[in-house]
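Protein chains get the first letters and strands the later ones, always in sequence-line order, with residue 1 at the start of each.
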Protein chains: 2
Amino acid sequence: MESIHKEELLQKFSQLEQPLLDEILAQSTFKHLEEGEEALRTGQYIKSTVLLSKGLLKVYREDEEDNEFLMYYLEPGNACALSMMCTARDEQSQIMAKAVDESEIILIPSHLSELWLAKYKTWHNFVIASYRQRFEELLQTLDSVAFKALDERLIFYLRRHVKVSGNEVKLSHQQIANELSSSREVISRLLKKLEQTGAITLHRNYIEVHDLDIV
Amino acid sequence: MESIHKEELLQKFSQLEQPLLDEILAQSTFKHLEEGEEALRTGQYIKSTVLLSKGLLKVYREDEEDNEFLMYYLEPGNACALSMMCTARDEQSQIMAKAVDESEIILIPSHLSELWLAKYKTWHNFVIASYRQRFEELLQTLDSVAFKALDERLIFYLRRHVKVSGNEVKLSHQQIANELSSSREVISRLLKKLEQTGAITLHRNYIEVHDLDIV
DNA sequence: GGAGTACAGTGACTGTTGTCACATAGGAAA
DNA sequence: TTTCCTATGTGACAACAGTCACTGTACTCC
């Protein structure tokens with residue numbers, strides 16, 4: 001990959017100081033992910049911190065029986081907080097990360113990421129801010145699962161989707177069901193009800209979101 | 001409070017370097033909590049990082065309708081990760097923390113806690129380690145809520161209790177129901193079933209745990 | 001156009017959890 | 001002992017979500 005190209009990728013991380021950006025350019029791996037390709041797998045040893053420079057990553061949890069569970073989306077300029085945490089102890093990933101769109105990620109070797117915490121103030125701040133943000137999102141997700149019925153969780157889910165990728169939610173009912181660890185029929189029924197309120201319009205393979213607040 | 005007493009409290013934090021301990025001694029507030037007293041409230045502005053030197057704190061989430069939801073327990077030597085995070089932005093607490101037993105907490109003003117991150121390596125490590133640990137526990141909790149039925153969640157809950165306070169779990173069915181955001185009758189039924197397997201013995205106001213793995 | 005395939009809609013049924021109503025039991029205090 | 005309060009037990013019922021079986025519907029590739 002051209003170094004011109006790399007620098008362009010780094011534009012998303014302009015809050016980091018220049019010497020650090022130079023180090024990242026020199027020492028980390030840049031990787032292209034096709035749509036649907038996995039960046040992290042459950043059980044895999046994590047040896048790098050993952051930054052996203054382009055595209056969209058979905059970070060989710062998976063249990064023994066293939067139930068999956070959406071945690072949050074990563075957008076360009078974000079880092080996978082989990083990859084920063086596991087990093088230090090050579091731990092196994094507890095999560096999956098998959099490219100929703102074609103994406104570009106930056107893989108920073110763990111020992112460097114650790115080193116930089118002390119060396120670069122902006123890196124330190126970036127890491128702390130990432131933790132915070134993800135922690136809060138996780139809390140929200142937890143709230144929604146713990147306290148809300150499926151119909152409200154579905155709305156919460158759609159909202160999040162609209163936020164990262166606009167009003168045309170390009171997902172099949174089956175995919176939604178997976179991410180909420182529910183079943184297609186149930187999601188279909190609930191979406192139908194939502195459509196009747198006028199909040200959304202259903203199409204084949206995508207959902208048009210008008211206004212989720214009227215519910 | 002005697003400074004002798006304070007230093008004793010700090011023994012739980014021996015991984016922190018001496019100059020830092022001195023600063024903590026000099027600059028932070030030490031507070032005694034009675035059993036049941038609250039350390040943090042939902043909606044309260046957080047202006048301190050909370051360390052626990054003695055006792056046991058329960059950290060939980062509460063929604064609008066008074067449903068509560070246990071996140072984790074803090075033991076002496078631990079810090080409330082949330083209080084570290086909110087700290088920087090003068091944010092409102094999203095959580096509740098309550099003393100389960102009589103406890104002693106150390107309140108470190110936010111600006112110091114922030115300052116120390118750069119100044120003291122051991123503080124920095126401590127903060128990062130706290131984030132990690134809590135993040136992982138939160139993930140476990142999320143898993144249990146998202147993927148498990150109530151009977152398994154109850155076992156998960158009892159295990160956690162045994163770990164922090166031994167085999168006599170001093171809780172009423174009502175309290176357990178609250179923390180799992182379920183209802184007393186349901187918990188009673190499930191506990192009864194557990195008793196029949198021999199895993200536990202039920203008593204008035206406490207549960208004797210024999211072996212939760214036989215289930 | 002026809003066959004094949006993935007997606008979506010629907011009714012019937014089941015199991016789990018929550019709710020209601022009420023019974024029982026243990027402990028504290030008068 | 002009697003009284004009272006709180007904790008616990010239990011049966012009946014309702015509601016929600018998951019499953020099964022099947023139908024319908026749009027798109028793709030010959």
Heavy atoms from other residues, nucleotides or ligands near NZ of A:K148 exceed 12 (cutoff 6.0 Å):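 For A:K148, atom NZ is crowded (more than 12 foreign heavy atoms under 6.0 Å).
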
Pair of N/O donor and acceptor under 3.5 Å linking D:dG18 base with A:R184 side chain: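 Checked by distance alone, the answer is no.
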
task: Identify, between A:D151 and B:Q174, the residue whose nearest nucleotide on DNA chain D lies closer to the 5' end.
output: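 Checking each residue's closest nucleotide, the 5'-ward one belongs to B:Q174.
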
task: Applying side chain to side chain donor-acceptor pair (under 3.5 Å) between B:Y73 and each of B:E137, B:K58, B:H161, report the one that passes.
output: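 Answer to the side chain to side chain donor-acceptor pair (under 3.5 Å) test with B:Y73 among B:E137, B:K58, B:H161: B:H161.
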
A:R160 versus A:S144, side-chain donor and acceptor atoms under 3.5 Å: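 No, because no side-chain N or O of A:S144 sits under 3.5 Å from a partner of the opposite role on A:R160.
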
- prompt: Does a side chain donor of either B:E37 or B:H32 reach within less than 3.5 Å of an acceptor in the other side chain?
  reply: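 Absent: no donor and acceptor within the cut-off.
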
To the side chain of [X], which of [options] is closest?
X	options	value
B:A149	D:dT19, C:dA25, C:dT17	C:dT17
B:L202	C:dT10, C:dT19, D:dG9	D:dG9
B:E185	D:dT25, D:dA21, C:dT19	C:dT19

message: Check whether A:Q175 reaches the backbone of A:S172 with its side chain - one donor and one acceptor, N or O, closer than 3.5 Å.
response: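 Answer holds: yes.
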
Whole angstrom is fine here: how far is it from [atom1] in [X] over to [atom2] in [N]?
X	N	atom1	atom2	result
A:I207	C:dA8	CD1	C1'	11 Å
A:L191	C:dG9	CG	P	8 Å
B:R189	C:dT16	CZ	C1'	9 Å
B:F147	D:dA17	CZ	P	17 Å
A:N178	D:dG18	CG	P	12 Å
A:Y206	D:dC27	OH	P	10 Å
B:L154	C:dT16	CG	P	15 Å
A:L150	D:dG18	CG	C1'	10 Å

- request: Take A:E195 and A:R204, find for each the nucleotide of DNA chain C with the closest heavy atom, and name the residue whose nucleotide sits nearer the 5' end.
  value: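 Its nucleotide being nearer the 5' end, the pick is A:R204.
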
Does the side chain of [X] get closer than 4.0 angstrom to OP1 or OP2 of [N] through an N or O atom?
X	N	result
A:S182	D:dG18	yes
A:K192	C:dA8	no
A:S188	C:dA8	no
B:H173	D:dG9	yes

- request: Answer with base, sugar-phosphate or nothing: what part of the nucleic acid does B:S172 contact at a heavy-atom distance below 4.0 Å?
  value: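 Sugar-phosphate only.
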
